[in-house]
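Note sheet for the following structure.
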Amino acid sequence: MQESGKSTVKAVSSMMIITLIGKLLGLVREQLLAANYSVGVEATAFITASRIPRTFFDAVFASAISASFIPIFSEYLEKKGKEEAFRLSNIFITMIVLVTCMMTVLGIIFAEPICWLFADGMEAETAKICVQFSRILFPTVIFTGIAFSFVGILQSLEEFTIPAAMSIVSNAILIVYYIFFNDKFGIEGLTIAFLIGWLMQAVIQIPALHKKGYHYQFNFHFQEEGMKKIVLLMLPVMVSTWIQPINFVINTKFASHIRFPGYPDAAISTIDYANTLYTIIVGVLVLSIANVIFPKMSRMTSNHAEKDLGETICITLRSMIFLLVPMMLGLMVLSEPIVKLMYERGNFDSFATKTTARALFFFSLGMVGFGVQNILSRVFYAKQDGKTPFYSGLVSIVVNLIFCFLLVEKMDVGGLALASAISSTLSALFLFIPLQREYKSLISKQILIDLLKMSCSAVIMTVVAVLLKNSILSYQIDGLFGNLLVVALPAAVGVMIYFIVCYVLAVPESRQVIEMGKSILKKH
């Protein structure tokens, strides 16, 4: 068990490093988009158009791959062997290719009403460009379907490095475009570069798949027993994973009706910039853990190792919350300096910075909920239960819609971000309650005491970070160095304070971090 824990920590650490590199490149990509196009008409049209095919994919097939395919593929590996599991993969990918091709054709034909569905309040010029870009970008649905199918196979075979590196390749392609080709081909060329980037996400995984012995062949035996299981599991799971894309559509529609003087349609791109920055920061930790833990939980379920599964859930949640609580408060405190550091250059002015920072502040409130929801939904998928996440998704969508309606007029983009944070938190709570009934150890007196200690440590960290930030700002240091200092110094000192106070209060996770650090130093 100890060796297994070490290998899990190693895998998560490796994934976090690779994911971090990919996210940092994604951040550079967003910086270049902001610097070149800010929150103008072209940026809004491109952001909306690039989101549409990914939203359709998330709504229809992300669930099938991440939640339905991996558990059944893992079951085949355990009970029928690699050859049969690979045969199932061929059937599944064939289905994905056929359906995504049909979706792409329909998306291109009906691009205009689809764009209207996503952002009916856009100006006529913005909407026209959005339709044009959508038709170019819809084939990303096909490339994404193939890429994520490959990810499912590799992760089930405990190969996490290559899937984690996908975004590095696609982001690098876009960065190269911005640097060398943007001045010549403009935002129209950017859509082609975006398309090539998503294609390469599938291509770079092929050598790793061959190394594992997998070679794709068309297989139309859709009556395969495993496929029936995937489809039966996929239907409720598919609806449950509509939560994020549907909430995105809701937020975008409300944002398309917000008008800032002199900045038509700026709210859509503002929300997107803030959400991208937020997901980059939280995603490095949460998605790294979730992607490593999910195949392991699927195998535990296949082997009926319920006790091990309960312990894994508890340890994973504790470790993640230990890291997310200070991240959440730190991001709230430093939201404006971070946005200024990351985005404010070129055409991205102080108005765009303040508006994006306001959205980022309120998105941050949902960070713990986002993390818990991501982990717990995978627990249910591993148990081949799609109904509970389905009901959780419904709750989240309704809550998001209600709070968007209530808050958008008074708080504009901040209200939309707060609605998203509230919905993800309530979704996490909805998933947590039935698991606590099943695994009594998820909440105990000692765990509650430790969570209180983490919270107290994070509050002390926040007070120090605020005082330090205000002190640095009082010196009015301009330029990149000043922006970097006002983010880096409070963040670094705050992290140190948090870990020290947690260690003094005997929070177990802080001691584990210290022990890991000591073991790393001994090796070197």
Side-chain angles (χ1 to χ4, degrees), residues 8-9 11-13 15-16 19-20 22-23 58 62 66-67 164 240-241 243-244 247-248 274-294 296-297 312-332 335 360-382 388-389 392-393 395-396 399-400 417-436 439 442-443 447-448 450-452 454-455 457-458 461 495 498 502 507-510 512-513:
T8 300
V9 170
V12 171
S13 302
M15 271 199 74
M16 282 185 66
T19 304
L20 178 60
K23 295 292 184 183
D58 288 344
S66 65
S240 72
T241 54
I243 168 175
Q244 206 165 356
N247 278 339
F248 167 74
N275 186 56
T276 299
L277 193 52
Y278 166 72
T279 51
I280 283 172
I281 293 168
V282 70
V284 171
L285 174 67
V286 173
L287 298 180
S288 297
I289 294 173
N291 289 337
V292 171
I293 292 296
F294 182 42
K296 293 181 182 293
M297 291 192 297
T312 300
I313 298 168
C314 187
I315 292 168
T316 303
L317 288 180
R318 280 184 59 112
S319 301
M320 190 178 64
I321 291 172
F322 172 72
L323 296 171
L324 284 182
V325 169
M327 282 176 64
M328 177 183 74
L329 293 178
L331 189 56
M332 291 169 69
S335 57
L360 180 60
F361 178 93
F362 288 106
F363 271 128
S364 304
L365 286 167
M367 188 174 284
V368 174
F370 174 86
V372 172
Q373 187 267 336
N374 264 275
I375 298 299
L376 296 189
S377 62
R378 282 166 170 79
V379 174
F380 285 102
Y381 298 149
T388 306
S392 170
V395 169
S396 178
V399 168
N400 185 50
L418 180 57
S420 177
I422 294 169
S423 69
S424 61
T425 303
L426 289 178
S427 173
L429 185 63
F430 193 95
L431 293 171
F432 182 82
I433 291 171
L435 286 175
Q436 169 59 19
Y439 305 101
L442 295 187
I443 285 189
I447 289 173
L448 290 174
D450 288 337
L451 289 176
L452 183 60
M454 292 177 200
S455 300
S457 303
M461 174 208 77
V495 168
Y498 177 73
C502 281
V507 176
E509 283 73 17
S510 66
Q512 290 168 13
V513 170

Using modelled atom types and a 3.5 Å cut-off, is there a donor and acceptor pairing between side-chain atoms of [X] and backbone atoms of [Y]?
X: S423; Y: V399; value: no
X: Q373; Y: T425; value: no
X: S396; Y: S392; value: no
X: S364; Y: L360; value: yes

Can you sort out the partners of [X] under side-chain contact (heavy atoms from CB on, under 4.5 Å), two or more places apart, ordered by chain and number?
X: I433; result: L429, R437
X: A419; result: N400, F403, C404
X: V325; result: I321, V368, A458
X: I280; result: K23, L27, T276

Under the salt bridge (charged side-chain N to carboxylate O under 4.0 Å, His left out) rule, what pairs show up with a residue in residues 417-435, not counting sequence neighbours?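 Matches after skipping sequence neighbours: none remain.
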Please enumerate all residues that pass ring pair (Phe, Tyr, Trp, His ring centres under 6.0 Å) together with F380, with sequence neighbours excluded.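 Not a single residue meets the ring pair (Phe, Tyr, Trp, His ring centres under 6.0 Å) criterion with F380.
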According to ring pair (Phe, Tyr, Trp, His ring centres under 6.0 Å), who are the partners of F362, at least two apart in sequence or on a separate chain?
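Partners of F362 by the ring pair (Phe, Tyr, Trp, His ring centres under 6.0 Å) criterion come out as none, since no residue qualifies.
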Check: Y278 ring centre within less than 6.0 Å of F361 ring centre:
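That pair fails the under 6.0 Å test.
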Atom of M367, atom of M328 and distance for their closest heavy-atom approach
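So the minimum-distance heavy-atom pair works out to SD-N, 3.5 Å.
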